[in-house]
Amino acid sequence: MMRITLAGIMFAALVPVLMAAPAMALEPAAAQTHDWAVRLPNEIKVEFRGVLSNESTSGNGGAMLYPAPHIAGFVAALVTHGLLNSVTRKREESALQTAANQVLDPYRGIIGDFRYDELFQLALEQMLIQKQKYKDGKVRIAVPGEAPSADWMFITEPVFSMTQDQRALVLDSAVVVYAPNAPAAPFYQNALRVVSAPIASDDPLVFWSEQKGQNLKTTNAQLVAMALELAAAEVNSVTPKQSDMGGKNHRTVRYTHGKSEKMERAELLRVSCDRAVMKTLRGGVMSVPLKPAHSYSVEQSTELSNCSFAEAK
């Protein structure tokens, strides 16, 4: 029986299809001056999984979680307009995944009633698009199945995982973006992963559960907001170009994954004192938390002026 967390062959097949959107020129501020729509998934309740125990240890962090019946069927579905609908389709879980999901048992009362409309509303309240960065455009939540129109249409169905130590959450999703008045083909599409910083609480259960799960829901919303911002940055050419970073300068990036450490060979796109945005060897985009000793300086970066970091090996 196929594991739900699919390894390198899955991502290798996934990303080229996701990135097959037409090449189009776009002024950096174009999407900032249009209204945006973020479409609700067809699914009602937010999907959660437990991280498989062997995915929590040090090692390559490239495998992304996609609930698909099989590789061929999933990749084929990516080229249809039913892309995200197939991404969240339920599948029979393996014994390993069922065991991993037990980490969620104490939180069933919270996540069982957590809906995507609530999640997206919380996420949009936190996005920079709601603040000064996108002050010339408005953002709204589109109804499930709404066709792309005059807005920049963002389509994403996030799936969340909790690490087995209960100290971090991971968002995995395909993100598809349609340009205004161009519904025939996606302008941008890719696989995104966002890993939360590990919580400092001595009792994760208390932290995530207090105030009826407010911390858990807020962190989920923050990850969605970050994923949408990653897609927006690429659409708007906000993320530094490869030429700005000296070409495809691949490095081994070490990052925190709950209490554990993971590694990813990738090209750094943006880095700050505590977080890195990178493009993996398979083309997917990740945003991960860094330990100070494992952060990476970037030439002429103003974000790192007050940081002291070890250079990547």
Side-chain angles (χ1 to χ4, degrees), residues 18 31-32 36-41 46-49 51 61-62 64-66 84 87 114 116 118-134 137 139 141 152 154-163 167-177 188-199 208 214-240 253 255-258 262 264 266-280 283-291 295-296 298 303:
L18 281 173
Q32 296 178 14
W36 288 37
V38 181
R39 195 172 79 184
L40 282 175
V46 179
E47 186 168 356
F48 287 87
R49 302 274 173 85
V51 173
M64 289 194 179
L65 182 150
Y66 293 97
L84 274 308
V87 169
F114 195 22
Y116 276 112
E118 180 185 359
L119 170 67
F120 278 36
Q121 185 59 51
L122 290 172
L124 293 185
E125 290 173 359
Q126 298 186 49
M127 282 184 66
L128 291 178
I129 193 172
Q130 294 286 75
K131 301 177 184 179
Q132 294 300 314
K133 184 176 179 181
Y134 294 92
V139 63
I141 297 178
W152 282 94
F154 282 67
I155 304 174
T156 179
E157 296 187 4
V159 177
F160 295 97
S161 303
M162 177 176 281
T163 58
R167 294 192 174 275
L169 300 173
V170 181
L171 176 152
D172 283 300
S173 184
V175 174
V176 179
V177 182
Y188 171 84
Q189 46 191 343
N190 207 346
L192 305 183
R193 166 173 283 184
V194 184
V195 182
S196 75
I199 61 173
W208 294 124
Q214 189 61 40
N215 286 335
L216 181 65
K217 293 181 178 181
T218 299
T219 302
N220 290 146
Q222 289 172 344
L223 297 184
V224 171
M226 292 171 69
L228 292 172
E229 285 288 335
L230 289 179
E234 297 219 324
V235 168
N236 288 300
S237 300
V238 173
T239 301
V253 181
Y255 63 94
T256 58
H257 193 265
K262 298 188 80 170
E264 183 75 29
E267 177 194 0
L268 282 171
L269 299 178
R270 185 168 65 251
V271 63
S272 63
C273 295
D274 58 1
R275 182 164 287 273
V277 176
M278 56 187 173
K279 183 163 290 187
T280 71
V285 177
M286 297 178 64
S287 175
V288 296
L290 299 173
K291 289 183 177 180
S295 299
Y296 311 96
V298 177
E303 296 179 81

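These numbers were taken from a predicted model, which means no experiment stands behind them.
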- Task: Can you spot which of V195, L216, V194 makes a side-chain contact (heavy atoms from CB on, under 4.5 Å) with L169?
- Result: L216
- Task: Please list, chain by chain and in numerical order, all residues satisfying ring-ring contact (aromatic ring centres under 6.0 Å, His included) with F154, sequence neighbours excluded.
- Result: W36
- R275 (side chain) donor-acceptor with S287 (main chain) under 3.5 angstrom: yes
- Task: Drop me the distance from M286's CE to L269's CG, to the nearest 0.5 angstrom.
- Result: 12.0 Å
- Rounded to the nearest 0.5 Å, what's the gap from CZ on F160 to CG on L171? Could you check? 4.5 Å
- Between CD of E125 and OG1 of T218, what distance do you get to the nearest 0.5 Å? 9.5 Å
- Query: Atom CD1 in I141, atom CZ in F120: separation rounded to 0.5 Å?
  - Reply: 8.0 Å
- Message: Nearest 0.5 Å, please: how far is CD in Q121 from CG in L40?
- Response: 9.5 Å
- Any donor and acceptor pair, going by atom type alone, linking the side chain of Y188 with main-chain N or O of A232 inside 3.5 Å? no
- Message: On a heavy-atom basis, which atom in L290 and which in S272 lie closest, and how many Å separate them?
- Response: CD1-O, 4.2 Å
- Task: Take V176 and R39 through the side-chain contact (heavy atoms from CB on, under 4.5 Å) test and state the conclusion after the steps.
- Result: CA-CA 10 Å; V176 179; R39 195 172 79 184; over 6 Å; no
- Message: Tell me whether N190 contacts the main-chain N or O of A231 through its side chain, where contact means a donor paired with an acceptor under 3.5 Å.
- Response: no
- Item | Pairs touching residues 217-228 that satisfy salt bridge (Lys or Arg N to Asp or Glu O under 4.0 Å), sequence neighbours left out | E118-K217
- For T256, what residues pass the side-chain contact (heavy atoms from CB on, under 4.5 Å) criterion, not counting sequence neighbours? P198, P289, K291
- Message: Distance check, rounded to the nearest 0.5 Å: Y116 atom OH versus E47 atom CD?
- Response: 5.5 Å
- Message: Between V51 and H257, is there a side-chain heavy-atom distance shorter than 4.5 Å?
- Response: yes
- Does A266 have any side-chain contact (heavy atoms from CB on, under 4.5 Å) partners at least two apart in sequence or in another chain, and if so, which? E264, M278
- Message: Among residues at least two apart in sequence or on other chains, which ones pass side-chain contact (heavy atoms from CB on, under 4.5 Å) with A221?
- Response: L119, L122, A123, Q126
- Query: Considering only heavy atoms from C-beta outward, does the side chain of V277 approach that of E234 to under 4.5 Å?
  - Reply: no
- Query: Can you tell me if T219 and S196 form a side-chain donor-acceptor pair at under 3.5 Å?
  - Reply: no
